[in-house]
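Quantities reported herein were computed from a predicted structural model and do not represent experimental measurements. Naming: A, B, ... by sequence-line order, numbering from 1 per chain.
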Amino acid sequence: MTTTTVDSHTADDAHEDHGPPKGIRRWLFSTNHKDIGTMYLIFSLTMFFIGGAMAMYIRAELAIPGLQFRHPEFFNSMTTMHALIMVFGAVMPAFVGLANWMIPLQIGAPDMALPRMNNWSFWILPVAFGILLSTLFMPGGAPAGGWTMYPPLILQTGDAFPFLIFAVHLMGLSSIMGAINVVVTIINMRAPDMTLLKMPMFTWTWLITAYLLIAVMPVLAGAVTMLLTDQFFGTSFFLAAGGGDPVMFQHIFWFFGHPEVYIMILPAFGVVSEIIPTFSRKKLFGHDSMVYAASSIAFLSFIVWAHHMFTVGMPLTGQLFFMFATMLIAVPTGVKVFNWVATMWRGAMTFETPMLFSLAFVFLFTIGGFSGLMLAIAPADVQYHDTYFVVAHFHYVLVPGSVFAIMAGAYYWLPKWTGYYYNETLGKIHFWMSTIFVNVTFFPQHFLGLAGMPRRIPDYSVQFADFNFISSIGAFGFGLSQLIFVLVLLTAKKGVEADDRVWEGAHGLEWTVPSPAPWHTFTTPPKNRIAAEAFE
Amino acid sequence: MSESQKNPHRGLIFGLLAIVGGSFGFGYALVPLYEVFCEITGFGGRTNPEAVVVQEAPDLTREIRIEFMTTVNSYAPFEFVADRDSMTVNPGKMYFATFTATNMTDDGKIAQAVPSVAPMSAAEHFVKIECFCFNNQEFAGNEEKAMPLQFIVDPDLPEYVDTITLQYTFFDTERVASNN
C-alpha cells in the first residue's frame, strides 16, 4: 500500500490485528473463509447424522419382511427426506466447506472473492433445512414422492408441498452463490505465477463443479417453480388433464440431475488427487489429462440425462444416443482411475487414514462405476430400473465415493485446521469399520435388485429377506462407525502438534502456512513459490 | 480507479449471473422445445382427447378432484382413453366414468387394465362398484369399445386429500416382445 492510501485502509489493517470477534458474532457475521468453511463442515456433519438417522429407520423397517413401525407413507417420507438431506445438506455443503477452507490456501488468496455473499450462502442453508425438516410435523406428513419430486405424485404432498419447493429454492440459491464465489475466487485471485494448468487438482475440479452448479441449479429452480405454479396458480406444465406431460418434468429434472451427480463426485476426484500423490510420494500422474478428463465428464454430463428414464417410452434412436453417450463417460473416468493407479505405481506408499479412505474410494467408486455401466445398457436397464440394483449403484458412488472422499479430505487437512494430528488409531478403526460395513450394507443390494426387489417400498416378498437382513446389519454397523469420526473430532486437539508441512510428502501452498492456519493467510500474494511447491 | 478497486470482480460476477439467468430461462424453454420434440417424434404416444372438466354444483360441502390417467403398455396395440380427464365429485355420491379402447390390429386381442390410485392414503377410500378392470376385456379385430366405471369416494377420506388420481395401464395379455 502506498502512503497516500493509508487513511482509507486503517480500518482494514487494524482489523487484521485484533483477530476474530468473540462469541456468536464471530460466526453469525463471519466473512472469513476459514470460519465459514468450518461452519459448512459442521453443518454438513450434522445433516449427515440426521439423514443417517433416517437411513437407520429405513433399514430397520426393511430388516425383516412385513411392516415394523409406522405407516408406509412415513417410510416413503424417510427415503425422500434422507435423499434430499444427504444430497443437498450433507455432501454438497461438505464440499463447499472444503472449498472455502482450502481453495484460498491452495491458490494463495487472502480470502474468498465475495466474503459477504459467502456469509449469506452459508446462513441460507440452516434456514432451508429448518424448513425442510419442519415438514415432518405437518399435516399430510413430509414429502414422500421421492427426492426426484416427480409429478403428479409429488403434487399430492400435503401441506408440506410449498415448503419443500421453497426449501429447494433456498438450497439452490445457496449453491449458486457459493459457486459464483468459487469461480470468481479461482479466476481472479490466484497467486501471480499460478497459471490455470498449475492449479492443484482440488481447485481445478471445484472450478469445473462451480460452472456445473451455475449452469444446472437454475434449471432445478425452474422445474420446481413449474411444480409450484401447477399446484397453486393454474398452470399445466405437468398435468395431463390440462395438456401437460408429467414425463416432461423428468426430462427437466434430470437435465439438472445428471450434472448434479457429477457436482457431488468431481470435488471428490479432486480430494483424492491431492491425497494419493502425498502418500505415494510421487507427482500426480497425468495432471493435465486429469483436467481434461474432468472437463470431458462435465461436458458429457449435459447430454446423458435420459438414461435415468429409459422406461418412460422413448424412441429407439433416443435410447441408443443416451446409452452410448453414457458409456462414453467411462472413458474420461477410466483415465482418472488409471492415473491414480499410475500415481501409486512404484511410489513409496504409506497408509495413513486419508490414504486408506482414498484407496477405498478408488476401488469402491470403480465398482459403482461398473454397475453404472450396466445400468447404461438400455435393454438391460428395463430389468434394473427402479430396483435395488440402482440403489446399490448410486450408494456405491455416493457413500464409498463422495462421502469417503470427504472423510479422506477431512483427515488429510484436519492437522492444518487444528494444528494437531488426529488420533491415527481411531482414524484407522473408523476407516476399517466404515469400509467393511459399507460393503455389507450395499453389496447385497445388487443381488436384491437383480432378483427384482423394487426401490421405495416398505415391505417385500419373503425371498428377499436374507439379503435385506444382512444389509440392515451393515447399515447399523456403518451408522455406529461414524460416531468414531465424532470421537476423532472431539479428540482432534489432544494429539501431537503438527508442523507446517503436516505430511512428509505434501506439496502445495496450503502446506506453507502455519498449522493451525492463522485467521488471515496470504494477505500478500505468495510470489515465486509455486515452482518450489511442485514435485521434483 | 476507486470504483474498480471496490469491485474488481464485477465483470465476472455479471457474466456468471447471466449464465444463471440463462439457465433458468433454458429450463422454461425446454417446455416448448419438448412440445416440438413430441410432435416430431410422437414421443409419449399422446392422443390428447379434449379435456372435459365437470363443473356440477355439488350439494355437499366437500369437493374432491378425481383425475384419470390412462397408459397403454408399450407392447399393447391399443388406443385407450378416459372419456374425461378429470371430474370433481362429492364424497358419498355414486359416479360413472367411461373409458374407450380401440384394438388397432386386425386380430382378436385380450386386454387387461391394471388400476392404481394415488395418494396411497386415498386408495382404500376409492371404492369401485363396477369396473372394466375387474375382468379381462376381449376385443375383436379393430373393435372400439366403451368400458364403464362406477365408483364412490368414501367420506372417510383423509382431510388433506383434495385430489385423487386414478391411473389405468392397458396391457395386452398375450403380448409378445415384437418390434411394433
When heavy-atom pairs shorter than 4.5 Å are enumerated against chain A, which of B:Ile164, B:Val161, B:Ile13 gives the highest number?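 The residue among B:Ile164, B:Val161, B:Ile13 with the greatest pair count is B:Ile13.
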I need the [X] [atom1] to [Y] [atom2] distance, nearest 0.5 Å.
X	Y	atom1	atom2	result
A:Leu213	B:Leu16	CG	CG	12.0 Å
B:Gln167	A:Leu153	CD	CG	11.5 Å
B:Leu33	A:His251	CG	NE2	12.0 Å

Could you look at [X] and say if it's the side chain, the backbone, both or neither that has a heavy atom under 4.5 Å from chain B?
X	result
A:Leu220	neither
A:Phe256	neither
A:Ile176	side chain
A:Thr317	neither
A:Met217	neither
A:Ala221	both

Of all pairs that satisfy side chain to side chain donor-acceptor pair (under 3.5 Å), the ones with a partner from residues 182-192 of chain A, not counting sequence neighbours: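 Applying side chain to side chain donor-acceptor pair (under 3.5 Å) to every pair that reaches into residues 182-192 of chain A, excluding sequence neighbours, yields A:Asn188-B:His9.
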Residue A:Phe299 excluded, over 12 heavy atoms near CZ under 6.0 Å: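 For A:Phe299, atom CZ is not crowded (no more than 12 foreign heavy atoms under 6.0 Å).
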Non-hydrogen contacts under 4.5 angstrom with chain A: give the residues of residues 138-156 of chain B involved, or none if there are none.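 Under the 4.5 Å heavy-atom cut-off, nothing qualifies.
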With sequence neighbours excluded, tell me which residues meet salt bridge (charged side-chain N to carboxylate O under 4.0 Å, His left out) with A:Arg455.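 A:Arg455 satisfies salt bridge (charged side-chain N to carboxylate O under 4.0 Å, His left out) with A:Asp386 only.
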Intermediate values then yes/no, side-chain contact (heavy atoms from CB on, under 4.5 Å), B:Tyr34 and A:Ile252: CA-CA 10 Å; B:Tyr34 181 76; A:Ile252 301 174; over 6 Å; no
Is B:Tyr28 in contact with chain A via its backbone, its side chain, both, or neither, using a 4.5 Å heavy-atom distance?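 Both parts, heavy atoms under 4.5 Å.
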Which region of B:Phe24, side chain (C-beta onward) or backbone (N, CA, C, O), has a non-hydrogen atom less than 4.5 Å from a non-hydrogen atom of chain A, or is it both or neither?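 Both backbone and side chain of B:Phe24 come within 4.5 Å of chain A.
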Would you check if there is a donor-acceptor pair between the side chains of B:Thr163 and A:Gln156 at a distance under 3.5 Å?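 No, B:Thr163 and A:Gln156 have no side-chain donor paired with an acceptor closer than 3.5 Å.
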Where A:Ala215 and B:Ser23 come nearest, the two heavy atoms and their spacing: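 Nearest pair, atom of A:Ala215 first, then B:Ser23: O-OG, 2.8 Å.
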If you apply the rule side-chain contact (heavy atoms from CB on, under 4.5 Å), what do you find for B:Leu30 with A:Met248, and how did you get there? CA-CA 9 Å; B:Leu30 283 173; A:Met248 188 176 67; 5.9 Å; no
Please determine whether side-chain contact (heavy atoms from CB on, under 4.5 Å) holds for the pair B:Val31 and A:Phe237, giving the CA-CA distance in whole Å, both sets of side-chain angles, and the decisive distance to 0.1 Å. CA-CA 8 Å; B:Val31 177; A:Phe237 286 107; 3.8 Å; yes
Residues forming a side chain to side chain contact (heavy atoms under 4.5 Å, CB included) with A:Thr135, sequence neighbours excluded: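 For A:Thr135, the residues satisfying side chain to side chain contact (heavy atoms under 4.5 Å, CB included) (neighbours in sequence not counted) are A:Met81, A:Met138, A:Ala142, A:Pro143, A:Ala160, A:Phe163.
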